[in-house]
Every structure is written in C-alpha cells, then in structure tokens.
*Asks:* 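This is the structure I want to talk about, given as structure tokens.
These figures come from a predicted structure and were not determined experimentally.
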Amino acid sequence: MTSKERAKFRADAHNLTPAFQIGKYGVTEAVVAQTEEVLDAKELIKVKK
C-alpha cells in the first residue's frame with residue numbers, strides 16, 4: 001500500500017463511527033473473528049481502543 005492510498009483510506013474513515021472498541025482485555029480471538037465478519041461486509045471499518 002502506498003502512502004497516497006493510506007492517506008485516502010484515513011480520509012475516508014474520518015467520518016465513520018467506530019465499529020469496535022478494544023477493551024481492557026485487548027485483541028482477543030472473538031474480536032478478531034468479529035472484525036473479519038464485518039470486513040467481509042464492508043470495505044473499510046474504524047476501530048477504537
């Protein structure tokens with residue numbers, strides 16, 4: 001991924017609301033599985049820690 005592509009994705013994601021919030025247990029297998037499901041449905045998601 002080039003820096004221009006990365007910048008475009010960041011700009012596109014700016015107005016999105018976070019699809020996930022990473023809690024005190026960090027990135028668990030459940031979070032990874034759920035993220036994969038959402039990424040199959042959407043091209044771009046936002047995650048908050």
Side-chain angles (χ1 to χ4, degrees):
M1 179 181 298
T2 67
S3 61
K4 286 185 179 185
E5 290 171 329
R6 189 172 40 253
K8 172 136 177 45
F9 280 127
R10 286 181 64 118
D12 291 345
H14 182 73
N15 293 326
L16 294 178
T17 57
F20 297 99
Q21 184 169 356
I22 306 301
K24 66 180 180 179
Y25 297 112
V27 179
T28 62
E29 289 184 29
V31 171
V32 172
Q34 217 172 16
T35 304
E36 289 175 348
E37 288 178 20
V38 174
L39 278 174
D40 287 340
K42 298 180 180 183
E43 182 180 347
L44 183 65
I45 64 170
K46 191 175 198 177
V47 177
K48 184 177 181 178
K49 67 174 193 172

*Asks:* Between L16 and I45, is a side-chain contact (heavy atoms from CB on, under 4.5 Å) present by the stated rule, with each step listed?
*Replies:* CA-CA 7 Å; L16 294 178; I45 64 170; 5.8 Å; no

*Asks:* Quick one: CZ on R10 to CG on L44, what's the gap to the nearest 0.5 Å?
*Replies:* 11.5 Å

*Asks:* What pair of heavy atoms forms the shortest contact from E43 to L39, and how long is it?
*Replies:* O-CD2, 4.1 Å

*Asks:* Which atoms form the tightest heavy-atom contact between H14 and K46, and what is the distance?
*Replies:*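 Where H14 meets K46 most closely, the heavy atoms are O-NZ, 3.3 Å.
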
*Asks:* Shortest non-hydrogen contact from E5 to M1?
*Replies:* OE1-CA, 3.2 Å

*Asks:* Give the intermediate values and the outcome of side-chain contact (heavy atoms from CB on, under 4.5 Å) for residues Q34 and F20.
*Replies:* CA-CA 9 Å; Q34 217 172 16; F20 297 99; 3.4 Å; yes

*Asks:* Only one of V38, V32, V31 clears side chain to side chain contact (heavy atoms under 4.5 Å, CB included) with T35; which?
*Replies:* V31

